[in-house]
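Not measured: the values here are computed from a predicted model. By convention in this document, chain letters (A, B, ...) are assigned in the order of the sequence lines, proteins followed by strands, and residues within each chain are numbered from 1.
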Amino acid sequence: MNAAVVVFPGSNCDADTLHVLSNVAGMHARYAWHADTALDDVDLVVLPGGFSHGDYLRTGAMAARAPVMTAVRDHAARGRPVLGICNGFQILLEAGLLPGAMLLNDSTQFRCEWTHLRVESTQTPCTSAAGNGQVLRLPIAHAEGNFVIDPDGLAQLHDQDRVVFRYVSPDGKRSAVANPNGAIDDIAGICNAGRNVVGMMPHPERASEAALGGEDGRAIWDSLLAAAGA
Amino acid sequence: MTLTPTHEPPSDEVLREVALTRDEYHFAADLLDRPPNPVELGIIGGMWSEHCGYKHSRPLLGRLPSEGPHVLIGPGEENAGAVDIGHGLAIVMKVESHNHPSAVEPFQGAATGVGGILRDIFTMGARPIALLDSLRFGPLDDRRGRYLANGIVGGIGWYGNCMGVPTVGGEVQVSASYRGNPLVNAMCVGLIQHEQLTSAAASGAGNELILVGADTGRDGIHGATFASVDDPEASHRGVVQVGNPFMEKLLLEACLEVLQTTDAILGLQDLGATGLTSSSVESAGRGGTGVVLNLEHVARRAAGMTPYEVMLSESQERMLVVAARGRAHEVQRVFDKWGLHSDVIGEVTETGLLDVRDNGQSAATLPITMLTDAPTYTYPVERPAYLDEVGPLDLDALPEPDDPTSAFLQLLASPNIASRRPIYRQYDHMVGANTVIAPGGDAALLRIKGTPMAVALSTDGNGRTTYLDPFVGGAAAIAESARNVSCTGARPLAFTNCLNFGSPEQSAAYYQLSRAIDGMAAAARTLETPVISGNVSLYNESGGEAIWPTPVVGMLGVLDEAEWRCGMGFANDGDEIAVLGAGRPRLDGSEFLSIAHDLVAGQPEIDLVDEIAVQRLVRELIAGRLLSSAHDCSDGGLAVALAESAFAGGLGVQASDLPTSGRLDESLFGESQSRIVVSYPPLAAAAVAAAAATLSVPITPIGLVGGARLRIGPIDVPLARAEQAWSQGLELALAGHAPPG
Amino acid sequence: MTGQHFRARVTVQLNAGVNDPQGLTVRGSLHDLGFAEVREVRIGKLINIELAAASEAAAAERAEAMCRQLLVNPVIESFAIEALEPVADEVAQPA
Amino acid sequence: MTGQHFRARVTVQLNAGVNDPQGLTVRGSLHDLGFAEVREVRIGKLINIELAAASEAAAAERAEAMCRQLLVNPVIESFAIEALEPVADEVAQPA
Ligand SMILES: Nc1ncnc2c1ncn2[C@@H]1O[C@H](COP(=O)(O)OP(=O)(O)O)[C@@H](O)[C@H]1O
Ligand SMILES: [Mg+2]
């Protein structure tokens, strides 16, 4: 499977993501520059974490208007998978490829810590090989992961089974303390109506090797590989 | 050449502004054989400030051992030191202070401190892989103390997080001594292949000087001199620096990309204190050359800036690049790709002069050597009288705690012992995908991708200990940082340091500085860990009183097989727990004495022979895969060390029959250097004991891992209750709430 | 550069009903400081833009386009161009 | 609760000469998006505070005290209380 990791000025999880896609998931991964306009050669596009333009103005706002996003849109329109992680998720929101917006964490602080997520939908290329309701232990690292969406939008996410991940406690139950940022409805990840564009705040690339404290992130890569094989 | 001679000697006020004494002014005029003009005066003042010229500390720093088989670049040679870690790789590291700016604008002051130390690392061509921050705050029950602490932590997190460099360690101590003068020491660690190490020397006449990054504004003019006078707020005139980590990230990537894709860069130097002045002077000094600067080519952020302001501006996120003659455009092409503005602003010459011109007019002409060799000062080292007052500790006058469990809970919740998580969870400590042991452990451990190795990093330094005995404090800073590194299994290799002291012109502070360096030197020799870089911050005073003398040591260790690593958390029910080391716990200078009795007194001790033995033992045990956990026993003594291992592992402790000789509070909460708490499966007990015997290290079995309670001598409390006190102590203090219980 | 320069003052506010974590935190801090009378705090942005344009109307149109294309996220925010005034053309700014 | 409620509108701006990385970055993005006519962007804060006070003068005094004690660091910022108006006392806010 061929993958591209998009590098915006200020991306900082690009190398980690490329490392995991290549060396852990065994994909053929390359970088794509934010000024690039062609992504035709790849099956998967990943928008990695970071501070794409210093997170000035609004996180992801300026990156969402970069030239490469036209190619990302085309890629998505063809039904191919796009995964936005952390800042990548924020960019997808700003680009309108996913609904909703991000606010500052309710703590008003950056948070880097392990969280637990429940897989709420396996009907996406990023979760197809996971179990429904499976609990994944993945870290977050963000200041703006407080997802908001208007009531109609939220209802639509529910009705269409588009909430992909929710923050839960280690035993898989929802609770206020398990939600690290105040996101509405404990939402940690969603997908588009076509189900091929997925955004998530936690970092699966940081939890794909035992030496770094966990391997639950592999569920995402395994799913992407399985979906591509299918 | 039209130098306007200033026949009138400058007023006291002008001299104060440039932080020169009248004697220094005359000395400079004699060297020049003419009076310096105002621009030159500013340049001389900057270069001769403590911050750039080390005029009080240079003669003392030479006592630190700086040679060793692994040292590639030692102190004073480049922007940071470098150590060989094998596999053709080197670690580049340095620590630097940003104390005074952080007292004025905590968020931006701390943020720009991180920005500065990052540039010191990537000027070497190395990719930064880790940051550490060593912090000292005034009391948190004071509103301003909290404002400074929260602002500083926020600023450090913001800059490092945005850069994508993980902040993997550091320390925080709170004491009244730092009220009004917090300490912010930031350390950066970079990784590079030997052959890619880049110099900051400006060599080869005709080579071009490129200034890249942010436009130059009136930021932080006199930052260097302002760090060298006693009253930072009153003397601060320039505009406070505001950092731009996003631009720094672009600079980092662009500089590394040029270095990797062309050989057109001959030297790379960041602009730190005194900006263009020190960066051009130091580069020329290293190259044994001169430089011409044409200031009209310097891009400005503000209109109407004078040559004086352009030369001394401390605008952040700027670098000076020496490009091979005629090849500047190759370098600038990469900067353009990253959206960075750059200009050719001058060239290297053979004159040995700093030749500053503005639109063709000469603005300053000064010999480089005069600027790099600041006059130095030495003073008699006289033992201050206060030491005789604080030294003796009359234990008989102190009642033992009636209720050891509540004394213990109070200690766990105190800001100097409580969990640091409220701070480090604001730092991205995982980005880079190398963090094997995250903040919270004894030392951070980072794997080195492509090798089986890992590096361990720790910063340590105890102001209270150093105040009570500067020599012991200096030695303990080295010993403890090395011990933390050893507790992961890694072998300490070399250190960097930042010396935070009061005014060297005060005899007590000068004594502290001199003796602390002696202590550091003694420990570094014994442990065979040379110094490779460092920084000095003097004139740290608060309310007219010097801060506690605070040497901060950043230690690097190497673990050949990352898989051998040992953590601090208890791992298995039923493991045996023992204390390694000869150190006898004493209340002298302990956290307990300060919390329970509000006393800063006593005579701390260290035995370097014991120290080296206990560290060697723990590393051998770890390499032999015998241990389940290892944890340095430090602030709060044995009871706290046991609790920390218990929290980290989520397992209780049964050490009801603690061996005691003498006072109970001493054996529970007494502190001593050179002790390590370890746990191991019962099957390993004989091997552990045998190894200890071989190295003549005393080993004291004290109990077992297990259960859901902490039972330590008379202390008996549910693990969860103790953990709550510990995990909320600092969080509540930072939020302005009283500790629980 | 042809034409005049204008200074546009744009305010951006979170829409009513959108949670403002920073405002809530500031309110909490104000209460801690003894400002018990504070009922609500909401924090927005003030964006001052200096731009060249042929006329005031043209400047207003461009400033509005900037808001729509970049400065404002209509999902959570709304904006107002509060003032637009010509500026004397002093020393040129660096590019 | 005695007295009336007021809404104070406070603007906080970086002092002249203080670097504004956010403004510079936004200017760069506007240029990239084709708004070449933008000469300068500076970004500040807009803080809306609703508070109880006996009179308008008292409210202004308190708002100013909040700025001095918490909302503004005079080393890099300055503030203005731009408007202060009574508000109809609707539904009480949660404490
Ligand atoms: N306490 C110290 N121990 C060892 N070396 C030091 C110490 N303080 C400064 N140095 C060395 O002196 C040199 C000059 O330091 P410094 O002026 O801080 O560098 P910079 O020019 O980057 O600010 C550096 O190489 C530094 O490593
Ligand atoms: Mg330097």
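Residue C:N19 touches chain A through both its backbone and its side chain, counting heavy-atom pairs closer than 4.5 Å. Neither the backbone nor the side chain of C:L24 has a heavy atom closer than 4.5 Å to any heavy atom of chain A.
Side chain to side chain, A:H142 and A:E144 fail the donor-acceptor criterion of an N or O pair below 3.5 Å.
Between A:R118 and A:D186 there is no salt bridge, since none of the side-chain N atoms of the basic residue sits less than 4.0 Å from a carboxylate O of the acidic one.
The closest donor-acceptor contact from the side chain of A:R195 to the backbone of A:Q123 lies under 3.5 Å. Under a 3.5 Å cut-off, the side chain of A:D171 and the backbone N or O of A:K173 do form a donor-acceptor pair. A distance-only check finds no donor-acceptor pair linking the side chain of A:D74 to the backbone of A:R78 [under 3.5 Å]. Of the possible donor and acceptor atoms, none in the side chain of A:R206 sits under 3.5 Å from a partner among the backbone N and O of A:G213. Using modelled atom types, one side-chain atom of C:H31 and one backbone atom of C:V38 make a donor-acceptor pair closer than 3.5 Å. With A:D14 contributing its side chain and A:V7 its backbone, the two residues share no donor-acceptor pair below 3.5 Å.
For a heavy-atom cut-off of 4.5 Å, chain A lies close to C:I76, C:E77 in residues 76-84 of chain C. Using a 4.5 Å heavy-atom cut-off against chain C, the contacting residues of residues 82-117 of chain A are A:E94, A:G100, A:A101, A:M102, A:L103, A:L104, A:N105, A:D106, A:T108.
Around the CD atom of C:E61, the shell of radius 6.0 Å holds no more than 12 heavy atoms that belong to other residues, nucleotides or ligands.
Among C:V18, C:T25, C:L70, the residue making the largest number of heavy-atom pairs under 4.5 Å with chain A is C:L70.
At least one side-chain heavy atom of A:R58 sits less than 4.5 Å from a side-chain heavy atom of C:K45.
If you run side-chain contact (heavy atoms from CB on, under 4.5 Å) between A:P202 and each of A:L136, A:L138, A:D216, only A:L138 comes through.
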